[in-house]
Amino acid sequence: MQIYSDNIAHYLIQQKLPIGSPVIVYGGQTFSMLACFLGVVKAGHPYIPVDDQSSPQRLVDISQRSGAEFCLALANLPVDLEDINLVKDEKIKKIFATAHQNADKRIFTQETDIFYPNYFIH
């Protein structure tokens with residue numbers, strides 16, 4: 001878990017996302033999802049979990065309302081998300097397997113930061 005999440009964090013830090021911008025993590029209830037959640041937080045961003053059983057419209061609504069610019073997709077997306085950088089499952093597996101030094105802990109999410117926004121969309 002630590003290695004996978006550190007590798008995701010390192011990758012996201014390299015992407016130079018705006019500070020505090022949320023990252024959508026799309027997929028099922030898997031170990032890889034948890035590793036991505038932790039990696040996103042380690043990189044200093046809130047994560048937005050979206051289950052792969054969610055409706056396509058819910059995914060679109062969340063992406064538009066959250067302002068997310070990045071999505072880690074561990075399952076095939078049912079729709080195209082406009083203006084969002086997408087990293088698909090095969091690339092995520094490569095990131096997990098890429099050896100990096102530990103992520104810079106100085107930018108990890110702090111205890112007072114929001115790192116898990118909830119989206120209740122009707």
Side-chain angles (χ1 to χ4, degrees):
M1 179 71 73
Q2 180 176 348
I3 292 169
Y4 282 15
S5 61
D6 282 354
N7 289 347
I8 289 290
H10 183 80
Y11 176 81
L12 290 173
I13 291 165
Q14 289 179 323
Q15 304 311 303
K16 301 192 185 307
L17 300 171
I19 294 171
S21 67
V23 174
I24 295 171
V25 181
Y26 179 82
Q29 297 177 3
T30 65
F31 175 87
S32 296
M33 285 283 284
L34 294 175
C36 286
F37 296 161
L38 288 175
V40 171
V41 171
K42 287 180 179 183
H45 298 277
Y47 66 92
I48 303 170
V50 180
D51 188 85
D52 60 359
Q53 299 301 310
S54 298
S55 72
Q57 187 59 51
R58 177 172 170 73
L59 180 59
V60 169
D61 290 344
I62 288 172
S63 69
Q64 291 173 346
R65 293 181 185 184
S66 69
E69 297 180 15
F70 213 86
C71 176
L72 299 172
L74 293 153
N76 291 328
L77 293 175
V79 294
D80 289 328
L81 299 177
E82 296 178 17
D83 301 322
I84 291 187
N85 294 308
L86 178 63
V87 179
K88 295 182 180 180
D89 188 46
E90 289 304 313
K91 172 95 177 181
I92 293 169
K93 288 177 184 173
K94 289 178 183 174
I95 294 167
F96 283 159
T98 303
H100 293 291
Q101 294 177 343
N102 289 337
D104 184 351
K105 294 180 179 162
R106 294 173 294 173
I107 65 167
F108 283 9
T109 300
Q110 302 300 309
E111 63 187 43
T112 56
D113 294 335
I114 295 173
F115 66 92
Y116 177 67
N118 282 310
Y119 284 89
F120 298 102
I121 299 172
H122 304 283

Report the distance from atom [atom1] of [X] to atom [atom2] of [Y], rounding to the nearest 0.5 Å.
| X | Y | atom1 | atom2 | value |
| --- | --- | --- | --- | --- |
| Ser63 | Ile24 | OG | CD1 | 5.0 Å |
| Lys42 | His10 | NZ | NE2 | 13.0 Å |
| Asp51 | Leu59 | CG | CG | 11.0 Å |
| Tyr26 | Ile62 | OH | CD1 | 10.5 Å |
| Gln53 | Gln29 | CD | CD | 9.5 Å |
| Ile95 | Leu72 | CD1 | CG | 7.0 Å |

Side chains of [X] and [Y]: does their closest heavy-atom pair fall under 4.5 Å?
| X | Y | result |
| --- | --- | --- |
| Ile48 | Val25 | no |
| Thr30 | Leu34 | no |
| Leu81 | Leu86 | no |
| Cys71 | Asn85 | no |
| Ile92 | Cys36 | yes |
| Phe70 | Val87 | yes |
| Met33 | Leu74 | yes |

Main-chain N/O of [Y] paired to [X] side chain as donor or acceptor, under 3.5 Å:
| X | Y | value |
| --- | --- | --- |
| Ser5 | Met1 | yes |
| His45 | Ser21 | yes |
| Asp52 | Ala75 | no |

*Reference residue Tyr4; test ring-ring contact (aromatic ring centres under 6.0 Å, His included); the match among Tyr11, Phe96, Phe37*: Phe96

*If every non-hydrogen atom of Ser66 is compared with every non-hydrogen atom of Pro22, which pair is closest and at what distance?*
O-CG, 3.5 Å

*asked:* Testing the basics here: between Ala43 and Leu12, what is the closest heavy-atom pair and its distance to 0.1 Å?
replied: CB-CB, 3.8 Å

*Do the side chains of Ile8 and Ile19 join up, straight or via other hydrophobic residues, at under 4.5 Å, putting them in one cluster?*
no

